[in-house]
Amino acid sequence: MKRVLIITTGGTIAMGRDSSGTVRVLDENVLIRQQSALASVAHVDFFTFSNLPSVHLTLDHVIRLRRLILDKAKDYDGIVVTHGTDTLEETAFFLDLTLPLARPVILTGAMRSSNEPGSDGFLNLLHSVQVAADPESADKGVLVVMNGEIHGARFVQKMHTSHVEAFASPQFGPYGWVERTGIRFLVEAVKRECIPVRPEALTNRIPIIKAGFDTDDSLIFCALDRSVRGLVVEGLGMGHLPPAMMPGIVRALEEGIPVVITSRSPKGAVEPVYDFEGGGRDLDRRGAIFARGLPAHKARIQLMVALAADPRPKTPEELRELFSR
Ligand SMILES: NC(=O)C[C@H](N)C(=O)O
């Protein structure tokens, strides 16, 4: 029988709703109650890592979670991490970029807490254990299993605030499905290259600045005054910015602060195509990095990892190269 380790971090999957309708963190780890129900799929062990809403997780937690997975992986065929859904995709992508593991690592959560009608937590956990125990899931990078779908960590996004079908991969769709009769992978997983990191060099001092109609650079200057390590800018269309944002962008780049360009459009890639002030060609000439199809919050994770890469990227070109993998 396959062996799967379930690492619990908290989130709605471990929460409960009281009679007033409020959803809260519970004192007890309710997921452990599922152990015998999962036994027909795999031998499962539980490890309680934390019991936090996912917006309370910090970079330090995620670094420790990565370390824990690396330490435990040799004893298991697959690992499942239960996680709050609000930041699940960021943790999944961080692990995807930095875990040099072929065996399956699955993240899952729930949109309805443990005692709510139609609670999705147990089914998501069961599906995740099935995926983690299946050799077909190996070498696909970190996977996210929610609502019967198997997604690649790079592509998955939480698209709905409350429905159980909250997760989707807007660029390409899921890699596969969990059916009653088994797991079906219908799409080849996109090849990924793990980036070796120096954990002590990871920083969260990378704000996301959102552009909009006629926005200016005041937030960029605020950020530069707070000694940030990088900026992620969510531009418009292919990553374009209003001209009034450009003095701030130029100043950041002159100060050696990397600027990563993303788009508020959920599909497609940012590319240096248009030549006007704040257009892609302009940003490219000035040295901004294009995050291709990543949304801003995932480009931020990639910049965190790229800045902490081992060996340390020494030039803007080396940093750019870490975004083209
Ligand atoms: N559905 C969830 O898990 C949301 C919860 N607030 C969390 O991310 O911890």
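Atoms within each ligand, like the ligands themselves, are counted from 1 in listed order. All of these numbers come straight from a predicted model, not from anything done at the bench.
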How far is [atom] from its nearest protein heavy atom, and which residue and atom is that?
| atom | answer |
| --- | --- |
| atom 3 (O) of ligand 1 | Thr85 N, 2.9 Å |
| atom 9 (O) of ligand 1 | Ser54 N, 2.8 Å |
| atom 6 (N) of ligand 1 | Asp86 OD2, 3.0 Å |

Would you check whether Ala110 has a nitrogen or oxygen atom less than 3.5 angstrom from a nitrogen or oxygen atom of ligand 1?
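Indeed, backbone or side chain, Ala110 has an N or O that close.
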Report, in ascending order of atom number, the atoms of ligand 1 lying under 4.0 Å from any heavy atom of [X].
| X | answer |
| --- | --- |
| Thr12 | 1 (N), 2 (C), 3 (O), 4 (C), 5 (C) |
| Gly84 | 3 (O), 7 (C), 8 (O), 9 (O) |
| Pro53 | 9 (O) |

Are Glu116 and Ser113 close enough, and set up right, to give a side chain to side chain donor-acceptor pair (under 3.5 Å), and what steps lead you there?
CA-CA 6 Å; Glu116 282 182 74; Ser113 66; 2.7 Å; yes
Could you walk me through whether Glu271 and Arg292 pass the salt bridge (charged side-chain N to carboxylate O under 4.0 Å, His left out) test, one step at a time?
CA-CA 7 Å; Glu271 289 180 330; Arg292 301 197 295 173; over 6 Å; no
Could you walk me through whether Asp275 and Arg285 satisfy the salt bridge (charged side-chain N to carboxylate O under 4.0 Å, His left out) test, starting with their C-alpha distance in whole Å, then the side-chain angles of each, then the deciding distance to 0.1 Å, before giving a yes or no?
CA-CA 10 Å; Asp275 201 353; Arg285 273 193 300 267; 3.0 Å; yes
If you take the centroid of each ring, where Trp contributes its six-membered ring, are His160 and Phe167 closer together than 6.0 Å?
no
Would a line drawn from the ring center of Phe155 to the ring center of Phe172 be shorter than 6.0 Å?
yes
Can you get from Ile289 to Ile195 by hopping between Ile, Leu, Val, Met, Phe, Trp and Tyr side chains that sit under 4.5 Å apart?
yes
